[in-house]
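Below is one structure; the comments refer to it alone.
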2 protein chains.
Amino acid sequence: MTDHLQPTFRALADPTRRAILHMLGERDMTIAQVSDQFDMTRAAVKKHLTVLKEGDLIAVRTKGRERINTLNAAGMKPVTDWLKFFDQFWDEKLADLKDAIENKDTPNA
Amino acid sequence: MTDHLQPTFRALADPTRRAILHMLGERDMTIAQVSDQFDMTRAAVKKHLTVLKEGDLIAVRTKGRERINTLNAAGMKPVTDWLKFFDQFWDEKLADLKDAIENKDTPNA
DNA sequence: TATATATGAAACCTTTTGGTGTCACGTCAA
DNA sequence: TTGACGTGACACCAAAAGGTTTCATATATA
């Protein structure tokens with residue numbers, strides 16, 4: 001069983017990378033622009049971007065000598081799907097389900 | 001800003017730990033029982049369980065000389081909440097619409 | 001053309017991570 | 001009480017992760 005989830009979970013496991021994703025949610029950015037937001041070298045940021053790319057969480061397009069990094073939020077779907085499996089064990093959701101069943105004929109929403 | 005998400009994201013970043021969570025979804029297990037499911041020592045599994053505990057993804061209760069490990073699915077909420085922020089970017093059409101609205105009065109170029 | 005800019009990539013370093021083996025300790029049963 | 005059982009904790013190890021510096025290369029621009 002090859003774990004196709006691994007690159008994405010791995011990419012999300014670092015706080016710097018999660019912060020980068022948030023930034024890219026606001027606007028596309030070059031590597032230099034991303035680097036400006038962190039107290040680390042451009043090379044280090046570049047590595048993070050590579051990991052994000054491997055996790056399919058960003059896309060990169062070339063524009064002249066620049067590399068524009070774009071958020072690929074859809075890449076998070078495998079992770080959210082994996083997490084959804086556990087919804088059934090979540091107390092609140094269980095309570096909601098119980099509610100839904102008990103109030104089968106009088107839904108409150 | 002201390003990153004309270006980190007222990008949980010960290011815990012989820014390992015395939016063995018994700019597999020353990022799945023197992024605990026089916027039934028509570030002692031350390032020995034979990035270990036039996038993997039080709040690694042009990043000590044290694046114990047470490048994984050410790051990381052899962054730190055991520056608040058499992059609870060442990062003592063029963064005699066045994067330690068019963070229980071899934072705490074609610075511990076995933078911080079992660080799912082973090083991921084929800086990106087829902088707004090999932091749908092390409094939504095993103096396009098967002099662009100159109102944002103550029104109406106304040107062109108960004 | 002000459003130079004500045006934006007990036008890629010490699011070598012290197014330190015810390016963390018995932019694993020091992022060993023031993024001590026509390027608990028259960030004969 | 002005496003073992004066997006289930007676990008915690010530690011020392012140790014190799015590999016991966018996160019960072020740095022340095023240099024090469026492609027693209028803009030004066």
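Within every chain, numbering begins at 1; the chains are lettered A, B, ... in the order of the sequence lines, protein sequences first and strands thereafter.
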For this session: Apply the test salt bridge (Lys or Arg N to Asp or Glu O under 4.0 Å) to residues A:Lys84 and A:Asp81: give CA-CA distance (whole Å), side-chain angles for both, the deciding distance (0.1 Å), then the verdict.
Result: CA-CA 5 Å; A:Lys84 264 177 197 146; A:Asp81 285 348; 3.7 Å; yes
For this session: May I ask you to decide if the ring planes of A:Phe86 and A:Phe89 are parallel, tilted or perpendicular, using 30° and 60° as cut-offs?
Result: tilted
Problem set entry | Path from B:Leu49 to B:Met40 over hydrophobic side-chain contacts below 4.5 Å | yes
For this session: For A:Glu66 and C:dG8, give me the distance from atom CD to atom C1', rounded to whole Å.
Result: 15 Å
For this session: Establish, with yes or no, whether the OP1 or OP2 oxygen of C:dT17 is under 4.0 angstrom from a side-chain nitrogen or oxygen of B:Arg10.
Result: yes
Exercise. Do A:Leu57 and A:Leu12 touch side chain to side chain, with heavy atoms closer than 4.5 Å?
Worked result: yes
Seminar exercise, completed: Atom CG of B:Asp14 and atom P of C:dG18 are separated, to the nearest Å, by 5 Å
For this session: Consider only side-chain heavy atoms of I, L, V, M, F, W and Y, link residues closer than 4.5 Å, and tell whether A:Val51 and A:Met23 are in one cluster.
Result: no
Exercise. Could you give the start and end, 5' to 3', of the contact zone on DNA chain D for chain A, using atoms under 4.0 Å from its heavy atoms?
Worked result: D:dA17 to D:dA28
Exercise. For the ring pair A:Trp82 and B:His22, is the centre-to-centre distance below 6.0 Å?
Worked result: yes
Exercise. Below 4.5 Å, heavy atoms only, C-beta onward: do B:Leu24 and B:Ile20 meet side chain to side chain?
Worked result: yes
Problem set entry | In one Ile/Leu/Val/Met/Phe/Trp/Tyr side-chain cluster, 4.5 Å: A:Ile58, B:Leu83 | yes
Exercise. Taking DNA chain D as the partner, which of residues 39-54 of chain A come within under 4.0 angstrom of it by heavy atom?
Worked result: A:Met40, A:Thr41, A:Ala43, A:Ala44, A:Lys47, A:His48
Exercise. Want to settle it: does A:Val60 or B:Thr16 sit nearer the 5' end of DNA chain C, counting the closest nucleotide to each?
Worked result: A:Val60
